[in-house]
**Q** 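Provided herewith is a single structure, encoded as structure tokens, for subsequent inquiry.
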Amino acid sequence: MFNLNDCIGVITNKHNKEIIEAFNNRVISHGITRVQWIAIYYIGQNEGITQKQLSYILDSNESSIVRLVDRMEKDDMVKREKDENDRRITRLYLTDYGNKKREEIIPIGEKFSKDSIKNISEKDLETFKNVLNQIVNNLKNT
């Protein structure tokens, strides 16, 4: 008989929420949310990224990214600039404060990553990633 508690979607969703909450708890005291941190990370890695590209990377709809960037711009973490060749395109850049926040949080992200995989062998971690990727591929092909 089907048991919802054994369903991979329920299991991964539950644990994903716990992981998200744990990371958010680590960064919130630094005046930033998990989503803002992820956005700052990728904007810093790709200066001049467009809002559309950021929405793709974050797997979020463009209207949500606009609201996120609005808040981050208000908090002086990012600035928007119109593309020189195509004024319809808005490019994103970190401000000095945004760069400072990025550098402040990177060690927290690194430690979180290390803490989350401690006591897990490289082999088990690789198996986990492969299985998760296979589940996603299975669902894409059904």
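All values below were derived from every heavy atom in this structure, side-chain atoms included, with hydrogens, water molecules and symmetry-related copies excluded. Just so we're clear, the structure is a prediction, and the values are computed from it rather than from any experiment.
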**Q** With a 4.5 Å cut-off on side-chain heavy-atom distances among I, L, V, M, F, W and Y, is there a chain of contacts connecting I19 to Y41?
**A**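 Same hydrophobic cluster.
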
**Q** Which atom names give the shortest non-hydrogen contact between L92 and I43, and what distance separates them?
**A**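 Closest approach of L92 to I43: O-CG2, 3.8 Å.
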
**Q** Got a second to check how far D70's CG is from D75's CG, nearest 0.5 Å?
**A**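 Taking CG in D70 and CG in D75, the distance rounds to 11.0 Å.
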
**Q** Give a yes or no on whether a salt bridge exists between R91 and D86, defined as a side-chain N under 4.0 angstrom from a carboxylate O.
**A**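 No, no charged N to carboxylate O under 4.0 Å.
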
**Q** If I compare all heavy atoms of H30 with all of E104, which pair ends up nearest, and what's the gap?
**A**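 So the minimum-distance heavy-atom pair works out to ND1-OE2, 2.7 Å.
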
**Q** Could you state the interatomic distance from CD1 (I89) to CD (Q53), rounded to the nearest 0.5 Å?
**A**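 If I round to the nearest 0.5 Å, the distance is 8.5 Å.
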
**Q** Do side-chain atoms of T95 reach the backbone of M77 as a donor and acceptor pair under 3.5 angstrom?
**A**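 Confirmed, T95 side chain pairs with M77 backbone.
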
**Q** Return the OG1 to CG distance between T127 and L132, rounded to the nearest 0.5 Å.
**A**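 The CG atom of L132 is 12.0 Å from OG1 of T127, to the nearest 0.5 Å.
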
**Q** Taking side chain to side chain donor-acceptor pair (under 3.5 Å) as the test, write out the residues that go with K14, two or more places apart.
**A**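 Once residues adjacent in sequence are excluded, the partners of K14 under the side chain to side chain donor-acceptor pair (under 3.5 Å) criterion are E18.
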
**Q** Considering non-hydrogen atoms only, spot the tightest contact between C7 and F2 and give its length.
**A**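 Scanning both residues completely, I find the closest heavy atoms to be CB-CZ, 4.1 Å.
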
**Q** Before you tell me yes or no, could you show the steps for M72 and I32 under side-chain contact (heavy atoms from CB on, under 4.5 Å), namely the whole-Å CA-CA distance, both residues' side-chain angles and the distance that decides it to 0.1 Å?
**A** CA-CA 9 Å; M72 293 170 65; I32 194 168; over 6 Å; no

**Q** Can you list the residues that meet the side-chain contact (heavy atoms from CB on, under 4.5 Å) rule with Y42, with sequence neighbours excluded?
**A**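 Residues passing side-chain contact (heavy atoms from CB on, under 4.5 Å) with Y42: I38, Q45, N46, L54, I57, L58.
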
**Q** How would you list, by chain and number, every residue that makes a side chain to side chain donor-acceptor pair (under 3.5 Å) with T90, sequence neighbours excluded?
**A**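 In terms of side chain to side chain donor-acceptor pair (under 3.5 Å), with neighbours along the sequence ignored, T90 is linked to K82.
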
**Q** In terms of hydrophobic clustering (I, L, V, M, F, W, Y; side-chain heavy atoms under 4.5 Å; direct or indirect links), are I49 and I106 co-clustered?
**A**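 Linked within one cluster.
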
**Q** Examine distances only and state if a side-chain atom of S116 and a backbone atom of S113 form a donor-acceptor pair shorter than 3.5 Å.
**A**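 Such a contact is found between S116 side chain and S113 backbone.
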
**Q** Considering only residues two or more places apart or on different chains, which pairs with a residue in residues 57-68 satisfy salt bridge (charged side-chain N to carboxylate O under 4.0 Å, His left out)?
**A**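 The answer is none; no pair qualifies.
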
**Q** Taking a hydrophobic cluster as the set of Ile, Leu, Val, Met, Phe, Trp and Tyr residues connected by side-chain heavy atoms closer than 4.5 Å, whether directly or through intermediates, do I65 and Y93 fall within one such cluster?
**A**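 No, I65 does not connect to Y93 through the hydrophobic network.
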
**Q** If we only count heavy atoms from C-beta on, is the V131 to Q134 side-chain gap below 4.5 Å?
**A**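 They are not in contact (no side-chain heavy atoms under 4.5 Å apart), so the answer is no.
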
**Q** May I ask you to decide if the ring planes of F112 and F23 are parallel, tilted or perpendicular, using 30° and 60° as cut-offs?
**A**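 If you compare the ring of F112 with that of F23, the planes turn out perpendicular.
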
**Q** Heavy-atom count check: over 12 atoms from other residues, nucleotides or ligands less than 6.0 Å from R71 CZ?
**A**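 Atom CZ in R71 is not crowded, with 12 or fewer foreign heavy atoms closer than 6.0 Å.
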
**Q** Should the heavy atoms of other residues, nucleotides or ligands under 6.0 Å from CG of D96 be counted, would the total exceed 12?
**A**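 Not buried by this count: 12 neighbours or fewer within 6.0 Å.
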
**Q** Are I20 and I11 joined in one hydrophobic group, where the rule is that I, L, V, M, F, W and Y side chains link up if heavy atoms are under 4.5 Å apart?
**A**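 Cluster IDs for I20 and I11 differ.
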
**Q** Hey, is the main chain of W37 close enough, under 3.5 Å, to the side chain of K101 for a donor-acceptor pair?
**A**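 Here the side-chain-to-backbone pair does not exist.
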
**Q** Between V35 and V66, is there shared hydrophobic-cluster membership here, with clusters defined by ILVMFWY side-chain heavy atoms closer than 4.5 Å?
**A**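 No; tracing contacts between hydrophobic side chains, which count when under 4.5 Å, never links both residues.
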
**Q** In Å, rounded to the nearest 0.5 Å, how long is the span from CD1 of I8 to CG of N13?
**A**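 It comes to 11.5 Å.
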
**Q** Just verifying a value: how many Å separate S64 OG and Q51 CD, rounded to the nearest 0.5 Å?
**A**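 Here the rounded value is 12.0 Å.
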
**Q** Checking T33 now: which residues fulfil side chain to side chain donor-acceptor pair (under 3.5 Å) with it, not counting sequence neighbours?
**A**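 Once residues adjacent in sequence are excluded, the partners of T33 under the side chain to side chain donor-acceptor pair (under 3.5 Å) criterion are Q36.
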
**Q** Return the set of residues passing side-chain contact (heavy atoms from CB on, under 4.5 Å) with S121 (not counting sequence neighbours), or none when no residue passes.
**A**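 For S121, the residues satisfying side-chain contact (heavy atoms from CB on, under 4.5 Å) (neighbours in sequence not counted) are K123, D124.
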
**Q** Are I40 and I105 packed together at the side-chain level, in the sense that at least one heavy-atom pair is separated by less than 4.5 angstrom?
**A**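 The answer is no, as the side chains (C-beta and beyond) never meet within the 4.5 Å cut-off.
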
**Q** When rounded to the nearest 0.5 angstrom, what is the spacing between OG in S29 and CG in N24?
**A**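 Taking OG in S29 and CG in N24, the distance rounds to 10.0 Å.
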
